[in-house]
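In what follows, a single structure is set out as structure tokens and then discussed.
What's counted below: heavy atoms across the whole structure, side chains too, no hydrogens, waters or symmetry copies. Chain identifiers are assigned alphabetically (A, B, ...) following the order of the sequence lines, protein sequences preceding nucleic acid strands; residue numbering begins at 1 within each chain.
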Amino acid sequence: MHATVLEWYALHARDLPWRRPEASPWSVLVSELMLQQTPVARVLPVHAAWLERWPTPAALAAATTGDAVRAWGRLGYPRRALRLHAAATAITTTHGGEVPQAYETLLTLPGVGDYTAAAVASFAYGRRHVVLDTNVRRVIARAVGGVEHPARSVTRAERDRAAALLPGVEADGSSDAATWNVGLMELGALVCTAASPACDRCPLVDRCAWVAAGRPAYDGPPRVAQTWAGTDRQCRGRLMAVLRDADGPVPISALEAAWAGAEQRERCLRSLVDDGLLAQVGPSTYALPTD
DNA sequence: CATACGTGGAC
DNA sequence: TGTCCAAGTAT
């Protein structure tokens with residue numbers, strides 16, 4: 001299975017900026033934060049502009065959080081911009097300006113959880129870690145587990161299975177683990193997709209347990225649908241869009257025009273200020289934060 | 001462990 | 001056209 005995936009990746013990998021040999025660990029870290037729940041196509045232009053403007057953690061740490069939020073644009077989940085800024089600050093003040101290499105150290109950075117810590121350690125530094133993202137989980141669930149979708153949350157058995165599949169260390173100390181990780185991710189992103197897997201283009205089709213079983217439909221607990229219309233998330237998004245698109249502070253009237261329901265609007269306004277995404281700069285004026 | 005958290009493209 | 005989904009994290 002290893003050689004098959006590695007060969008397929010060598011032939012079909014997309015040329016992404018954060019995968020190039022010259023990509024810095026900072027570029028990798030920025031890409032990983034941006035890619036959390038966000039498609040590659042939308043990340044590409046924002047990532048390029050971000051690295052151009054803030055080529056190092058120290059450069060971002062010197063900017064305001066408001067600048068980071070505005071540069072985040074419409075990637076969604078703007079708290080990630082705040083976390084990335086906070087991570088850059090921590091890297092600058094307590095890690096000598098260099099993105100940490102150790103998984104455990106990476107894990108202490110804001111916005112960096114198990115997946116991102118393993119991904120940065122693996123992709124930026126070549127360290128051997130199990131990288132369990134939604135793509136890897138799905139490929140393993142199908143190819144090895146024989147089911148269409150993995151469980152809602154990562155189980156111990158699932159992690160053990162992924163660890164067992166991870167390429168080992170060669171006699172010379174090298175390992176294919178990092179390429180294996182990104183290869184499995186790429187396979188899940190391009191071929192073994194959630195809704196319409198292209199098994200006719202899959203290098204693992206002949207040994208896939210799910211295909212062998214006749215591609216049985218998912219029969220686990222119902223996967224919760226994301227609601228959107230009328231939620232606080234939609235309201236917060238509307239309010240943030242007003243601030244992002246403005247040159248400076250905006251009057252409360254502009255925010256009132258963006259969301260009709262007063263009670264919900266005020267609750268969301270409070271939560272955005274509480275999160276540090278907005279600042280009240282006058283009795284009836286709001287702005288992106290300047291700290 | 002379930003839930004909140006943005007946004008827009010695909011089918 | 002509405003539903004599903006995208007390299008998760010924090011609480």
(message) If you take any heavy atom closer than 4.0 Å to DNA chain C, which residues from residues 236-261 of chain A end up in contact?
(response) none
(request) Please report, rounded to the nearest Å, how far the P atom of C/dT9 is from the CG atom of A/Leu29. (result) 11 Å
(request) Would you please say whether a donor-acceptor pair under 3.5 Å links the side chains of A/Ser175 and A/Glu170? (result) no
(request) Take A/Trp26 and A/Trp54, measure what ring pair (Phe, Tyr, Trp, His ring centres under 6.0 Å) needs, and give me the verdict at the end. (result) CA-CA 10 Å; A/Trp26 171 238; A/Trp54 297 304; 9.0 Å; no
(request) Describe the nucleic acid contact of A/Trp72 in one word from base, sugar-phosphate, nothing, applying a heavy-atom distance below 4.0 Å. (result) nothing
(message) Expressed as a whole number of angstroms, how long is the span from A/Gln37:CD to C/dT9:P?
(response) 9 Å
(request) Kindly point out which of C/dA6, B/dC5, C/dA7 is positioned nearest to the side chain of A/Arg79? (result) B/dC5
(request) Using the side-chain hydrogen bond (donor to acceptor under 3.5 Å, both in side chains) rule, collect all pairs that involve residues 186-211 of chain A, keeping only residues at least two apart or in two chains. (result) A/Thr4-A/Arg207, A/Arg14-A/Glu186, A/Arg19-A/Glu186
(request) Rounded to the nearest angstrom, tell me the gap between atom CG in A/Leu277 and atom P in B/dC5. (result) 11 Å
(message) Just the rounded figure in Å: distance from P of C/dG8 to CG of A/Leu107.
(response) 16 Å
(request) Starting at atom CG of A/Leu75, determine the distance to atom P of C/dA7, rounded to an integer number of angstrom. (result) 15 Å
(message) What I want to check is whether the side chains of A/Arg80 and A/Thr38 have a donor and an acceptor closer together than 3.5 Å.
(response) yes
(message) Tell me if a side-chain donor or acceptor on A/Arg238 pairs with a main-chain N or O of A/Ala258 at a distance below 3.5 Å.
(response) yes
(request) Could you tell me whether A/Asp114 contacts a base, only the sugar-phosphate backbone, or nothing, with contacts defined as non-hydrogen atoms closer than 4.0 Å? (result) sugar-phosphate
(request) Please determine if a side-chain N or O atom of A/Arg223 lies less than 4.0 Å away from the OP1 or OP2 oxygen of C/dC5. (result) yes
(request) Please measure how far the P atom in B/dG8 lies from the corresponding atom in C/dT9, and state the result in whole Å. (result) 23 Å
(message) Please confirm whether the shortest side-chain N or O distance from A/Thr231 to OP1 or OP2 of B/dC5 is below 4.0 Å.
(response) no
(message) Expressed as a whole number of angstroms, how long is the span from A/His149:NE2 to C/dA6:C1'?
(response) 14 Å
(request) Tell me yes or no: between the side chains of A/Tyr77 and A/Arg233, is some donor less than 3.5 Å from an acceptor? (result) yes
(request) Round to a whole Å and report the spacing from CZ of A/Arg152 to P of C/dG8. (result) 16 Å
(message) Below 4.0 angstrom, which residues in residues 121-137 of chain A have at least one non-hydrogen atom near DNA chain C?
(response) A/Asp133, A/Thr134, A/Asn135
(message) Taking A/Val136's backbone N and O only, do any of them form a donor-acceptor pair with A/Asp133's side chain (distance below 3.5 Å, no angle check)?
(response) yes
(request) Would you mind reading off the distance between A/Leu35 atom CG and C/dT9 atom P, rounded to a whole angstrom? (result) 12 Å
(request) State whether a side-chain donor-acceptor pair under 3.5 Å links A/Tyr115 with A/Glu32. (result) yes
(message) Base, sugar-phosphate or nothing for A/Leu33? Non-hydrogen atoms, less than 4.0 Å.
(response) nothing
(message) Under 4.5 Å side-chain heavy-atom separation, chaining through any Ile, Leu, Val, Met, Phe, Trp or Tyr, what else clusters with A/Leu269? Say none if it is isolated.
(response) A/Val69, A/Leu82, A/Leu239, A/Met240, A/Val242, A/Leu243, A/Val250, A/Ile252, A/Leu255, A/Leu272, A/Val273, A/Leu277, A/Leu278, A/Tyr286, A/Leu288
(message) If we ignore hydrogens and angles and just use 3.5 Å, is the side chain of A/Ser27 paired with the main-chain N or O of A/Ala23 as donor and acceptor?
(response) no
(request) Determine the interatomic distance between P on B/dC11 and the same-named atom on C/dA7; round to the nearest Å. (result) 15 Å
(request) Name every residue in residues 2-15 of chain A that has at least one heavy atom under 4.0 Å from any atom of DNA chain B, in order of residue number, or write none if there are no such residues. (result) none
(request) Could you check whether A/Ala119 gets within reach of a base, just the sugar-phosphate, or nothing at all, counting any heavy atom under 4.0 Å? (result) nothing
(request) Describe the nucleic acid contact of A/Gly76 in one word from base, sugar-phosphate, nothing, applying a heavy-atom distance below 4.0 Å. (result) base
Could you write out each protein N or O paired with an N or O of nucleotides 8-11 of chain B at a distance under 3.5 Å?
unit_1 : atom_1 : unit_2  : atom_2 : d
B/dG8  : OP1    : A/Arg74 : NE     : 3.1
B/dG8  : OP1    : A/Arg74 : NH1    : 3.2

(request) Looking at every strand, decide which applies to A/Val43 at a 4.0 Å heavy-atom threshold: base, sugar-phosphate, or nothing. (result) nothing
(message) Whether A/Asp114 and A/Arg159 form a salt bridge (side-chain N of Lys/Arg under 4.0 Å from carboxylate O of Asp/Glu) is what I want to check.
(response) yes
(message) Testing the 3.5 Å rule here: is there a donor-acceptor pair between the side chains of A/His85 and A/Thr64?
(response) no
(message) Regarding A/His149 and A/Arg223, do their side chains bring together a donor and an acceptor under 3.5 Å, going by distance alone?
(response) yes
(request) Spell out, as yes or no, whether a donor-acceptor pair under 3.5 Å connects the side chain of A/Asn181 to the backbone of A/His129. (result) yes
(message) Starting the side chain at C-beta, find the nucleotide from B/dT7, C/dA7, B/dC5 nearest to A/Trp228.
(response) B/dT7
(message) C/dA6, OP1 or OP2 - any side-chain N/O from A/Arg138 closer than 4.0 Å?
(response) yes
(request) Remember a base hit wins even if backbone is also touched, and classify A/Thr38 as base, sugar-phosphate or nothing at under 4.0 Å, heavy atoms. (result) base
(message) Looking only at the side chains, is there a donor atom on one of A/Ser122 and A/Arg128 sitting less than 3.5 Å from an acceptor on the other?
(response) no
